[in-house]
Amino acid sequence: MASNSTKSFLADAGYGEQELDANSALMELDKGLRSGKLGEQCEAVVRFPRLFQKYPFPILINSAFLKLADVFRVGNNFLRLCVLKVTQQSEKHLEKILNVDEFVKRIFSVIHSNDPVARAITLRMLGSLASIIPERKNAHHSIRQSLDSHDNVEVEAAVFAAANFSAQSKDFAVGICNKISEMIQGLATPVDLKLKLIPILQHMHHDAILASSARQLLQQLVTAYPSTRMVIVSLHTFTLLAASSLVDTPKQIQLLLQYLKNDPRKAVKRLAIQDLKLLANKTPHTWSRENIQALCECALQTPYDSLKLGMLSVLATLSGTIAVKHYFSIASGNVGSSPRSSDLVKLAQECCYHNNRGIAAHGVRVLTNITVSCQEKDLLALEQDAVFGLESLLVLCSQDDSPGAQATLKIALNCMVKLAKGRPHLSQSVVETLLTQLHSAQDTARILMCHCLAAIAMQLPVLGDGMLGDLVELYKVIGRSATDKQQELLVSLATVIFVASQKALSAEVKAVIKQQLESVSNGWTVYRIARQASRMGNHDMARELYQTLLTQVASEHFYFWLNSLKEFSHAEQCLTGLQEENYSSALSCIAESLKFYHKGIASLTAASTPLNPLSFQCEFVKLRIDLLQAFSQLICTCNSLKTSPPPAIATTIAMTLGNDLQRCGRISNQMKLSMEEFRSLASRYGDLYQASFDADSATLRNVELQQQSCLLISHAIEALILDPESASFQECGSTGAAHADSEYERRMMSVYNHVLEEVGSLSRKYTPVSYMHTACLCNAIISLLKVPLSFQRYFFQKLQSTSIKLALSPSPRNPAEPIAVQNNQQLALKVEGVVQHGSKPGLFRRIQSVCLNVSSTLQSKSGQDYKIPIDNMTNEMEQRVEPHNDYFSTQFLLNFAILGTHNITVESSVKDANGIVWKTGPRTTIFVKSLEDPYSQQIRLQQQQAQQPLQQQQQRNAYTRF
């Protein structure tokens, strides 16, 4: 089940296929290109994008594009159009063309054709290649020439190419600006062509002078050509130019507001609203108080609901940014207006109960954002308005199943979550409203309301107990049909119940959920509920649900996956019986838990496949097993103070050795080993964190909490027993102040703070080692284990998928065969790489740069043993490269002075936008055999031959003396 989301991506990415298949695939397509049938040629051309996606390295892409260029040069116009479409689809691969000159030369030869359609396709082809040939003067000249053509198709193609080249080349933009200006202002130019030429001016942002001249031209056009179509195109181009150049954004906002207020045409007003929304999203900090005030006045005066909806949408966007703080701040020299008396609030209050749902939603959104962002004490009336508006919108939309009503309901529920978080004292009334409305709402609305309740309960857990009774009652009476909405509702309601019941589920709640699930034939719903139970720490419930699913899956891999989840839940359930001060039962509970964990890891290993190796899951569980074993060992070590107390001569031994800790006996050495074990586990958790680039933030936080648990115990051992003098807990204590996003994190933080207080007070009062010290350590372990472990989303589901594929050159034909290099030469190793993504690239984080580490080690020396001058014995290099269009390449110069076989390892890691380094891999290895160069070998042989007669002469002299 869990592997379905990643399986298609891995299959598409071509994992596990031989690289030689790239050549055979290219040869197959080349055979199609050489066919005499037009249909086969076209089929071969349109299959090239798939080939590029599968084998995205420059050698193949260069060869393929050269073949396509040949087809473009000699084929008919339909084939040229197919090649054009392939080029536009493969835009991100254009930079990998190595022979750009040859490629462009073959394409450009068609520009001299007598057929205007062929020239038009060529111009569009050149425009599509603008990113790799921005400064080609012959292309610039052809575009300028074609703008004067009498063929409309060729002129339109020239306009397309001019727009693309203007975006890439400053020289072309400067040169073409006057030409565009003349054509737009010329009387002979048709209006339709003028409308196509004007958008080219949006790319004139390369420097301030160019942008200023483009603005002046657009200003003249808006004034000189007042027709609706011309004004709309000119204003929109004006806005895009201002958004790119950033300098004239305030002027553009004023201009758009002027047209919104004074122009009577609705189409112009709609365009002005659309462009204001664009600027509100991109540059909210440039909006002044006067701009927002003018927009509010327009919205209050307009009689049209569609225009009012658009203006409110702009204001809703601005209300969630810094612009609303500027609006309510006291301007210098003016008396600041109270939020309650401003036009913005009046407009929002007026629209909250509007008969148009969209207007009401945006009005409520504005009120909510003002209430949350303006931290003033006299906002009671405003808060009440926001709550009442949300309640009325909730009642209105929850009874309607239409898509528009659901979209409005989502806005209202997001506002409720935001209001509960920003103004916690309002959360109780919000929750009560949701629970009341939940009984009478439609199923679609109920699902969304359940998500909202879960989000509020996660932020404010004190509200959970109050909503649990209503939720369970609703779960009893919910419909039992097998429709998708009902299934989704069962999952959503169960999730809210798990969140609301912060401790273990009561028997009554379990019975209600099981009774409902018995009548549900959909195993996927049961699995999703079990997954949520594992995430919330309700392992007893999860175990029973996984058990019911074992016989309902068709694949043995899924069976082993579910069986492993059942065993892990059973293992965690064993830890719920832990009690403080009862250390013998704690040891038996941990031993029982480890037994089920070992069964589970065996099933998990059996569930993994080459396409879905479950590496994160296996490593996470192995670390949990090692952590439980370390906890068990530490409790045994603490008990050894009773079973094996220090000998009578321990004090004498300590004085003799000068180590005061030796008076405690053997427990001191055991504690030192335990501390090192916990630090090693913390380091391994850190490695797992760094290897989980695609994990969501909640999963990463969970791994971080496990790491902090290990560090906490190691610090406690050091502070209580090994080195109480120098241990400090000030830094550790500050972690509790951070805001916790889940109940698991909240409880773990509470345990951390409690343990730190206990250790701090004990280390100051008593000298080590006493029974109180060991009891403190054991109680800390039990407190940590009593918090049920949370299995987060990444354990079950991979929403983001990122991988790096490396190619090294030179590379041997056979991986085991070494590359021959002479020892007096250096090897130029080229490393190329492609970043491959799943269906949702950059969902959690994006790759900013790739760090490549190259190292070489000597595997075996050659047979000859003679001295060679060695400048550099090892190679250890590192380079950072930024991928462009998911491709990167760099080179390393390696020295192999020592004769023999060397092992070169290339390892990649990535850095995200926040500067965090992730050890994603992969790790590639090749072998190099360093050979003696012929000249040195010849000199060495000559020296050996010269030395042989001398040695023989010395031997004869020795014999004659005897």
Side-chain angles (χ1 to χ4, degrees), residues 1-2 4-5 417 438 443 446-459 461 463-465 467-468 471-472 474-475 478 484-506 508-518 520 522-550 552 558 561-562 564-573 576 617 620 695-699 701-702 741-747 787-799:
M1 292 179 184
N4 282 350
S5 60
V417 174
L438 202 56
D443 283 347
R446 280 175 170 178
I447 295 166
L448 297 173
M449 291 160 72
C450 285
H451 293 167
C452 179
L453 280 169
I456 293 174
M458 290 281 277
Q459 291 173 0
L463 300 173
D465 293 334
M467 64 173 80
L468 191 58
L471 292 171
V472 174
L474 181 62
Y475 213 87
I478 198 173
D484 290 344
K485 293 296 177 189
Q486 286 281 328
Q487 302 290 313
E488 185 72 29
L489 183 56
L490 282 170
V491 176
S492 302
L493 259 179
T495 304
V496 183
I497 290 172
F498 292 148
V499 174
S501 57
Q502 305 296 341
K503 302 286 170 36
L505 288 173
S506 64
E508 181 195 352
V509 175
K510 277 193 211 170
V512 170
I513 294 177
K514 280 186 204 166
Q515 184 181 354
Q516 281 287 33
L517 292 182
E518 281 172 5
V520 175
N522 192 341
W524 178 242
T525 302
V526 180
Y527 174 73
R528 290 175 67 194
I529 292 175
R531 196 170 65 181
Q532 290 293 352
S534 294
R535 185 179 158 210
M536 298 300 169
N538 295 307
H539 297 293
D540 51 344
M541 180 81 191
R543 181 178 70 87
E544 295 171 14
L545 295 178
Y546 290 135
Q547 180 69 47
T548 62
L549 289 170
L550 282 176
Q552 297 184 30
F558 293 159
W561 167 248
L562 289 171
S564 67
L565 293 176
K566 184 202 78 173
E567 298 294 352
F568 298 152
S569 300
H570 199 171
E572 288 299 325
Q573 188 186 350
T576 55
Q617 292 87 338
F620 185 81
D696 56 289
S697 56
T699 303
R701 183 59 184 144
N702 193 0
D741 292 325
S742 66
E743 178 62 16
Y744 176 71
E745 183 178 353
R746 213 172 278 116
R747 291 174 69 178
V787 181
L789 180 68
S790 172
F791 290 95
Q792 290 292 337
R793 181 192 287 274
Y794 193 60
F795 196 87
F796 302 96
Q797 191 180 20
K798 193 175 184 180
L799 293 182

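All values below were derived from every heavy atom in this structure, side-chain atoms included, with hydrogens, water molecules and symmetry-related copies excluded.
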Walk me through whether K514 and M541 qualify under side-chain contact (heavy atoms from CB on, under 4.5 Å). CA-CA 9 Å; K514 280 186 204 166; M541 180 81 191; 4.2 Å; yes

Restricting to non-hydrogen atoms, name the atom on I497 and the atom on Y475 that form the minimum distance, rounded to 0.1 Å. CD1-CD1, 3.8 Å

Look at the aromatic rings of Y546 and Y527 and report parallel, tilted or perpendicular, splitting at 30° and 60°. tilted

Donor-acceptor pair, S790 side chain versus R535 backbone, under 3.5 Å? yes

Test: E743 and R746 ion pair at under 4.0 Å: yes

Looking only at non-hydrogen atoms, find the nearest pair between Y794 and Q617 and report the distance. O-NE2, 3.9 Å

At what distance, to the nearest 0.5 angstrom, does CG of D540 lie from NE2 of H570? 10.5 Å

Separation between CG of N538 and CD of E544, rounded to the nearest 0.5 Å: 11.0 Å

Taking the side chain as every heavy atom from C-beta outward, state whether F791 and N702 have any atom pair closer than 4.5 Å. no

Heavy atoms of G523 and Q552 approach each other most closely as CA-OE1, 3.9 Å

If you measure from the Lys or Arg side-chain nitrogens to the Asp or Glu carboxylate oxygens, is any gap between R446 and D443 under 4.0 Å? yes

By side chain to side chain contact (heavy atoms under 4.5 Å, CB included), which residues pair with A571, not counting sequence neighbours? S593, F596, Y597

Nearest atoms (heavy-atom pairs only) where H539 meets S534: CE1-O, 3.8 Å

Kindly give the heavy-atom pair with the smallest separation between L471 and L438, and that separation in Å. CD2-CD2, 4.0 Å

Between V509 and I513, is there a side-chain heavy-atom distance shorter than 4.5 Å? yes

Report yes if the side chains of L565 and F795 come closer than 4.5 Å at any heavy-atom pair, otherwise no. yes

Please tell me if the side chains of Q459 and V417 come closer than 4.5 Å, counting only heavy atoms from C-beta onward. yes

Assess the residue pair V491 and T495 against the criterion (side-chain contact (heavy atoms from CB on, under 4.5 Å)); give the C-alpha distance rounded to whole Å, side-chain angles, the decisive distance to 0.1 Å, and a yes or no. CA-CA 6 Å; V491 176; T495 304; 4.2 Å; yes

To the nearest 0.5 Å, tell me how far K798 NZ sits from T699 OG1. 12.5 Å

Flag the pair L517 / T548 as yes when at least one side-chain heavy-atom distance between them is below 4.5 Å, and no otherwise. no

Is there a side-chain contact between Q547 and L550, using heavy atoms and a 4.5 Å cut-off? yes

Locate the shortest heavy-atom distance separating A454 from V499; write the atom from each residue and the value. O-CG1, 4.0 Å

Gap separating the CD atom of Q487 from the OG atom of S492, nearest 0.5 angstrom: 11.5 Å

Which distance, rounded to the nearest 0.5 Å, do you find between the CG of L489 and the CG of D484? 12.5 Å

